[in-house]
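Worksheet: one structure, shown below.
The structure displayed is predicted, hence computed values, not measured ones. All chains are named by letter (A, B, ...) in the order of the sequence lines, taking the proteins before the strands, and each is independently numbered beginning at 1.
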Amino acid sequence: MKIATWNVNSIKARLPIVLQWLRDFQPDVLLVQEIKTTRESFPYLEMEDLGYNIAVHGQKSYNGVAIFSKFPLEDILYGIPGEPEETQARYIEAVTHGVRVMSVYVPHGREIRSPYFQYKLDFLQHLKNHVEHQLSFEEKLVLGGDFNVTPSIHDVHGGAQETGKLHCSIPERLALKSLTNMGLIDAVRERHPIGTKSGSALYSWWDYRSGGWQQNKGMRIDMLYLSPQAADCLGEAGIDIQPRSLPKASDHAPVWCELLP
DNA sequence: ATGTCCACATTTTGTGGA
């Protein structure tokens, strides 16, 4: 079973690229972020034509997350339970083919010393509380999405020089670490370890500005985190950078892993 | 400060967000 996560930066602007990638790569499950539209305006028909069942937690203009699966979607949660007056659509969860899958779009944070940054840290804490509860069932679980945090200095072009900046600050990395310390496995890092050729300069996002893509100045901020029960089934994992090279590309590339039967 | 891309609206140019 192939599971992928992709921040598409508008599902409507990206429709041809996403459809082509689904046809080429054939993921069983795709966790989508930043659809930037409501459920009413979501292009269901095109996705359903490719054999996907769809669950959408949408929002006008901003954010918005979705789950595509070749298998039926059950136990769908729209938003994190108990979210504090959450109006932003940043989380959706479902069970499909015996795996609990979660698509999350962690807030950007804007600037370190801004209320938006604290909102980001609070969101990660709230996400942790929910994931901790779901992990207690000791089942296959995949938490995927755009975390807007680099896990370590090895996940950002510039390395240690970036430490302290947005996406690379100590509080952000501690908040992410506190989430993953519950026993989650970073699928791509597991298969492409730090210190190996395939594990270096491994990015999932490149700035549209300043030739980020052309110079491979990127960050790895999109991850697939696996529960121990899912990690036991991990096959290959990677980042498909091909769609980032296309005209009208998203600034993120799809991140994928394989769960063996 | 800059760069680029997306959605939206007091829309053909500007604004907010990333």
Side-chain angles (χ1 to χ4, degrees), chain A residues 5-21 30-44 46-47 56-66 79 85-92 103-124 127 144-151 155-158 161-162 164-169 171-173 175-176 203-223 239-255:
Chain A
T5 182
W6 195 3
N7 179 323
V8 296
N9 185 12
S10 168
I11 192 67
K12 285 192 243 177
R14 220 62 61 208
L15 194 55
I17 285 180
V18 171
L19 290 172
Q20 190 58 49
W21 188 78
L30 180 61
L31 309 172
V32 188
Q33 301 86 39
E34 272 207 278
I35 60 171
K36 289 187 170 181
T37 192
T38 57
R39 187 173 296 149
E40 290 69 32
S41 310
F42 189 89
Y44 280 97
E46 291 88 339
M47 311 300 177
V56 173
H57 187 32
Q59 183 182 329
K60 188 180 178 185
S61 303
Y62 307 115
N63 313 313
V65 287
E85 52 186 296
E86 174 67 280
T87 52
Q88 302 183 354
R90 296 183 174 274
Y91 184 89
I92 188 168
S103 176
V104 64
Y105 176 44
V106 173
H108 177 271
R110 297 201 202 177
E111 288 179 42
I112 301 268
R113 272 165 290 275
S114 72
Y116 303 100
F117 185 75
Q118 188 58 48
Y119 179 72
K120 178 181 195 172
L121 297 180
D122 292 345
F123 181 94
L124 282 165
L127 177 65
D146 175 359
F147 290 81
N148 264 316
V149 181
T150 57
D155 300 299
V156 55
H157 177 87
Q161 286 194 325
E162 300 300 306
K165 299 180 186 173
L166 192 67
H167 304 107
C168 305
S169 72
E172 287 166 277
R173 284 185 176 152
L176 182 64
Y203 306 134
S204 66
W205 175 88
W206 300 258
D207 202 324
Y208 284 124
R209 302 168 290 185
S210 317
W213 166 251
Q214 287 76 11
Q215 301 169 63
N216 196 26
K217 291 182 180 172
M219 293 193 282
R220 194 172 69 95
I221 54 178
D222 302 88
M223 273 73 72
I239 302 178
D240 186 3
I241 63 171
Q242 187 272 338
R244 182 63 180 83
S245 69
L246 301 172
K248 293 266 295 172
S250 167
D251 43 358
H252 297 253
V255 175

Item to check | salt bridge (charged side-chain N to carboxylate O under 4.0 Å, His left out): pairs with one or both residues in residues 204-220 of chain A, sequence neighbours excluded | outcome: Asp155(A)-Arg220(A), Asp186(A)-Arg220(A), Asp207(A)-Arg209(A)
Next on the checklist: Between dG3(B) and dT10(B), how many Å separate the two C1' atoms, rounded to a whole number?
Outcome noted: 29 Å
Item to check | Atom P, compared across dT2(B) and dA7(B): separation rounded to whole Å | outcome: 24 Å
Item to check | All side chain to side chain donor-acceptor pair (under 3.5 Å) counterparts of Ser250(A), not counting sequence neighbours | outcome: none
Next on the checklist: With salt bridge (charged side-chain N to carboxylate O under 4.0 Å, His left out) as the rule and sequence neighbours excluded, what pairs involving residues 31-44 of chain A come up?
Outcome noted: none
Checklist outcome for this item: With sugar-phosphate taken as primed atoms, P, OP1 and OP2 and all else as base, the protein-contact string of nucleotides 1-10 of chain B at under 4.0 Å (heavy atoms; B, S, -) is --BBSSSSS-
Checklist entry - Checking all strands, does Tyr116(A) fall into the base, sugar-phosphate, or nothing category for heavy-atom contacts under 4.0 angstrom? => result nothing
Next on the checklist: Please give the distance between the C1' atoms of dC6(B) and dT11(B) as a whole number of Å.
Outcome noted: 15 Å
Checklist entry - When the distance from CG of Asp251(A) to P of dA18(B) is rounded to whole Å, what number comes out? => result 12 Å
Item to check | C1' spacing across the pair dC8(B) / dT12(B), given as an integer number of angstrom | outcome: 14 Å
Item to check | Residues which pass ring-ring contact (aromatic ring centres under 6.0 Å, His included) with Phe147(A), listed by chain and number, not counting sequence neighbours | outcome: Tyr225(A)
Checklist entry - Is the count of non-hydrogen atoms from other residues, nucleotides or ligands lying under 6.0 Å from Gln161(A) atom CD greater than 12? => result no
Item to check | Residues that Asp240(A) engages under side chain to side chain donor-acceptor pair (under 3.5 Å), provided they are two or more places apart | outcome: Trp21(A)
Checklist outcome for this item: In whole angstroms, the gap separating C1' of dA18(B) from CG of Asp222(A) amounts to 13 Å
Checklist entry - Could you give the CZ-to-P distance, from Arg90(A) to dG17(B), as a whole number of Å? => result 12 Å
Checklist entry - Do the non-hydrogen side-chain atoms of Thr5(A) and Gln33(A) ever get within less than 4.5 Å of each other? => result yes
Item to check | Length of the CG-C1' vector between Asn63(A) and dA18(B), whole Å | outcome: 10 Å
Checklist outcome for this item: ring-ring contact (aromatic ring centres under 6.0 Å, His included) filter on Tyr91(A), not counting sequence neighbours, yields His130(A)
Item to check | Results of side-chain contact (heavy atoms from CB on, under 4.5 Å) for Ala249(A) - residues two or more places apart only | outcome: Arg244(A)
Checklist outcome for this item: Listed range with range, the stems formed with DNA chain B by at least 3 consecutive Watson-Crick or G-U pairs (under 3.5 Å) are B:4-9 with B:13-18
